[in-house]
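Following: one structure in structure tokens, then a few remarks.
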Amino acid sequence: MSKNFDVVVIGGGPGGYVAAIRAAQLGFSAACIDEWKNAKNGPAPGGTCTNVGCIPSKALLQSSEHYEHAGHAFADHGIEVKGLNLNLGQMLSRKDAIVKQNNDGILYLFKKNKVTFFHGRGSFVKAGGDGYEIKVAGATEETITGKHIILATGSNPRALADAPFDEKLILSNTGALAIDAVPKKLGVIGAGVIGLEMGSVWRRVGADVTVLEALPGFLSAVDEQIAKEAFKLFTKQGLSINLGVKIGAITPGKKDVTVEYTDDKGNAQKAVFDKLIVSIGRVPNTIGLNGEGVGLKLDERGFIAVDGDCKTNLPNVWAVGDVVRGPMLAHKAEEEGVAVAERIAGQHGHVNFNTIPWVIYTSPEIAWVGKTEQQLKAEGIAYKAGTFPFMANGRARALGDTSGMVKFLADAKSDEILGVHIVGPMASELISEAVVAMEFRASSEDIARICHAHPSLSEATKEAALAVDKRSLNF
Ligand code: FAD
Ligand code: NAI
């Protein structure tokens with residue numbers, strides 16, 4: 001096997017494995033190095049996303065939603081469930097099996113595309129000759145060379161200063177996805193994406209969930225109207241969300257953990273939880289890469305410094321995904337991975353940061369693309385808004401899920417769509433239409449004129465577009 005490659009990718013998450021496949025498709029000899037181990041110490045490519053992120057969280061969200069529906073929603077459909085039982089072990093095994101299918105799928109894709117996979121930690125040895133020497137430290141140690149290096153080493157959960165993760169009582173996303181008995185009382189620090197998704201999973205299967213958030217506002221990156229609606233819905237479901245708190249001492253006991261905090265009125269509070277999830281953001285991961293050995297520049301927050309094309313300060317060294325600036329999302333990482341492989345091939349790889357969708361997979365889901373109303377106000381951009389509630393959508397009624405709305409924001413003069421915001425059923429799927437529309441710089445009238453299938457949730461999108469011009473038909 002040749003140990004000299006055109007492209008060596010370090011990190012096999014969505015940024016890295018996709019970059020390696022695209023490089024191979026473009027005719028390069030490509031290698032991908034990833035160190036993630038499964039329970040049997042075997043390779044588990046796919047990174048955070050596949051192993052302890054997107055995939056397992058969505059598996060548990062689906063299972064727990066089925067459980068909640070069986071317990072609460074089915075009766076309304078005339079389906080009576082007696083003796084409903086939670087088999088948490090099976091729920092977790094199903095999740096693990098889905099993760100393994102994805103790991104195996106990536107190994108298959110590497111074979112299919114002739115990407116050479118190395119299981120181990122990759123680190124820079126030196127620059128020299130026609131590229132870089134990279135050491136792979138795994139079951140066996142070897143050195144390979146790459147003319148181009150793509151760094152896709154991802155991110156790690158951020159811990160609170162005095163409360164390191166032990167994954168038994170104080171849990172990161174890793175522990176939060178593997179709790180083996182439903183905790184009676186679950187604490188969650190941080191009402192961000194992970195806090196809300198994992199808080200929802202464990203609430204649905206019976207935990208009493210308290211979320212403690214430092215900021216005074218809820219989901220500050222989300223359009224305010226949508227965030228307000230979501231807050232109302234989640235609170236009604238039973239999530240206790242406390243905003244504007246200041247976390248104090250965290251003291252793990254034998255079987256529980258005590259959290260002291262100051263509430264938004266300045267009162268000292270103390271809560272005891274069976275488990276505590278800390279989800280206060282993630283930090284870029286450059287551990288063990290020996291970037292310093294070759295002079296790789298990091299920015300002031302520890303991300304690998306890159307330009308708009310994902311080029312680092314070192315010639316022919318690129319970086320993509322969570323380890324560089326921008327949203328920490330799997331699809332953003334993938335887009336950058338593909339674009340870099342294409343740039344190496346002399347093509348014009350393209351990532352449009354204005355049309356990267358966001359989805360929070362709660363129930364109902366929250367999804368958006370483009371600017372929020374508060375951003376448009378802050379930037380002094382004149383806009384028109386149109387909203388349509390799922391309450392007035394026939395398909396949503398048939399589904400039994402009428403919560404939420406679709407909201408369009410369009411330029412006041414040109415009518416170009418500037419942002420679309422959804423809280424409601426299947427928002428994750430509905431947002432794609434808005435992404436396509438914005439990528440083609442469509443106007444709200446374009447969406448309003450397009451024929452949408454009836455009855456479908458997407459009619460709410462069309463109606464919200466009609467509402468921009470104050471002419472929705474069904475509300
Ligand atoms: P990663 O996926 O972190 O992959 C990096 C890989 O590099 C890892 O396998 C790591 O072991 C390996 N590595 C690191 N250093 C080395 C080295 N020196 N040598 C060899 N290997 C190395 N995003 C979404 O878009 N949708 C979601 O629904 C979603 N859900 C999430 C849920 C949770 C609980 C979490 C934690 C995250 C979620 N994310 C989601 C975010 C998403 O997981 C990340 O944005 C994405 O995984 C980033 O991809 P990446 O390739 O940059 O890095
Ligand atoms: P986050 O950035 O979404 O939320 C962190 C929250 O913690 C914020 O609201 C912040 O104000 C709060 N916080 C920070 N410090 C705090 C403190 N000391 N005390 C109390 N609250 C504090 O980060 P999260 O949830 O950890 O997720 C990390 C990233 O992973 C996300 O930003 C996202 O990029 C990605 N992710 C994406 C998902 C998706 O796309 N559906 C799902 C899960 C994660």
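Counting convention: from 1, in listed order, for ligands and their atoms alike.
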Atoms of ligand 1 close to G120 [distance to a heavy atom under 4.0 angstrom, numbered from 1]: 19 (N), 20 (C)
Nearest-contact summary for atom 28 (O) of ligand 1 - protein heavy atom, Å: K58 NZ, 2.7 Å
Exceeds 12 heavy-atom contacts within 6.0 angstrom, atom NZ of K135: no
Nearest option to atom 45 (O) of ligand 1, as decided by whichever heavy atom of D322, L177, I194, N173 sits closest: D322
Show the distances, to 0.1 Å, for all pairs joining an N/O atom of ligand 2 and a protein N/O atom that are shorter than 3.5 Å, listing one pair per line.
unit_1	atom_1	unit_2	atom_2	d
ligand 2	3 (O)	V193	N	3.1
ligand 2	9 (O)	E213	OE1	2.7
ligand 2	9 (O)	E213	OE2	3.2
ligand 2	11 (O)	E213	OE2	2.6
ligand 2	21 (N)	A214	N	3.2
ligand 2	23 (O)	G281	N	3.3
ligand 2	25 (O)	V193	N	3.3
ligand 2	25 (O)	I194	N	2.9
ligand 2	26 (O)	G281	N	2.8
ligand 2	34 (O)	M328	O	2.6
ligand 2	40 (O)	V359	O	3.4
ligand 2	41 (N)	E197	OE2	2.9
ligand 2	41 (N)	V359	O	2.7

CA sep, side-chain torsions, deciding dist, call: R325, E336, salt bridge (charged side-chain N to carboxylate O under 4.0 Å, His left out): CA-CA 11 Å; R325 83 285 173 268; E336 286 184 333; 2.8 Å; yes
Donor-acceptor under 3.5 Å (H119 side chain, W36 main chain): yes
Min heavy-atom dist S123 to ligand 1 below 4.0 Å: no
Top protein contact for atom 21 (N) of ligand 1, by heavy-atom distance: E35 N, 3.2 Å
Selected option - heavy-atom contact closest to atom 10 (C) of ligand 1, from D34, L329, V9: D34
Heavy atom of the protein closest to atom 51 (O) of ligand 1 (residue, atom name, distance): G15 N, 2.9 Å
Shortest non-hydrogen contact between I150 and A19, atoms and distance: CD1-CB, 4.0 Å
Nearest protein heavy atom with distance in Å, relative to atom 33 (C) of ligand 1: G53 CA, 3.3 Å
Proximal candidate to atom 15 (N) of ligand 1 [heavy atom criterion; set I134, I33, T153]: T153
Residue and atom name of the nearest protein heavy atom (relative to atom 11 (O) of ligand 1), distance in Å to one decimal: W36 CE3, 3.5 Å
E335 and K332: CA distance, side-chain angles, deciding distance, salt bridge (charged side-chain N to carboxylate O under 4.0 Å, His left out) verdict: CA-CA 5 Å; E335 291 294 305; K332 176 264 194 183; over 6 Å; no
Contact check: L289 vs ligand 1, nitrogen or oxygen atoms, below 3.5 angstrom: no
Nitrogen or oxygen of G46 less than 3.5 angstrom from that of ligand 1: no
Under 3.5 Å: N/O of H331 near N/O of ligand 1: yes
Per-atom contacts of ligand 1 with A152, taking only distances under 4.0 Å to non-hydrogen atoms: 5 (C), 6 (C), 7 (O)
Under 3.5 Å: donor-acceptor pair, side chain of E365, backbone of S428: yes
Expected output: side-chain N51 to main-chain A44 donor-acceptor under 3.5 Å: yes
Ligand 1 contact by V52, heavy-atom criterion under 4.0 angstrom: yes
Under 4.0 Å to a heavy atom of R282 - the qualifying atoms of ligand 1, by number: 36 (C)
Backbone of S363 reached by a side-chain donor or acceptor of Q237 within 3.5 Å: yes
Residue, atom name and distance, where the atom is the protein heavy atom closest to atom 19 (N) of ligand 1: G122 N, 2.8 Å
Sub-4.0 Å atoms of ligand 1 with respect to non-hydrogen atoms of A333: 49 (O), 52 (O)
Heavy-atom pair with the smallest gap, counting every atom of P43 and L107: CG-CD1, 4.3 Å
Polar proximity ligand 1 side, S57 side, N/O cut 3.5 Å exclusive: no
Side chain, backbone, both or neither: P157 near ligand 1, heavy atoms under 4.0 Å: neither
Residues, nucleotides or ligands: over 12 heavy atoms within 6.0 Å of N267 CG: yes
Side-chain heavy atoms of L186 within contact of D274, under 4.5 Å: no
Qualifying residue for salt bridge (Lys or Arg N to Asp or Glu O under 4.0 Å) with D208, from K275, K184, K185, R203: K185
Distance-only N or O hit between ligand 1 and V320, under 3.5 Å: no
Which residue and heavy atom of the protein sit nearest atom 31 (C) of ligand 1, plus the separation: C54 N, 3.4 Å
Heavy-atom pair of closest approach, residues T48 and S155: OG1-O, 3.9 Å
Distance filter under 4.0 Å to C49 heavy atoms, resulting ligand 1 atoms: 2 (O), 43 (O), 47 (O)
Closest approach of any protein heavy atom to atom 25 (O) of ligand 1, naming residue and atom: A330 N, 2.9 Å
Any N354 side-chain heavy atom under 4.5 Å of M438 side chain: no
Atom of F273, atom of D256 and distance for their closest heavy-atom approach: O-CB, 3.1 Å
Atoms in ligand 1 flagged as close to G321, the criterion being non-hydrogen separation under 4.0 Å: 52 (O)
Subset of ligand 1 atoms that lie under 4.0 Å from at least one heavy atom of Y361: 28 (O)
Stepwise side chain to side chain contact (heavy atoms under 4.5 Å, CB included) test for K147 and N316: CA-CA 7 Å; K147 283 184 197 151; N316 298 338; 5.7 Å; no
Enumerated ligand 1 atoms positioned under 4.0 Å from heavy atoms of G47: 2 (O), 4 (O), 8 (C), 9 (O)
Verdict with reasoning, N173 to I277, per side chain to side chain contact (heavy atoms under 4.5 Å, CB included): CA-CA 7 Å; N173 53 297; I277 297 174; over 6 Å; no
E334 touching ligand 1 at heavy-atom level, < 4.0 angstrom: no
Considering all heavy atoms, the nearest N285-V323 contact: O-CG2, 3.5 Å
Side-chain heavy atoms of L430 within contact of S458, under 4.5 Å: yes
Side-chain donor/acceptor of N113 to backbone N/O of V115, under 3.5 Å: no
Under 3.5 Å: N/O of T48 near N/O of ligand 1: yes
M198, portion touching ligand 1 at heavy-atom distance under 4.0 Å: neither
Any I287 side-chain heavy atom under 4.5 Å of R121 side chain: yes
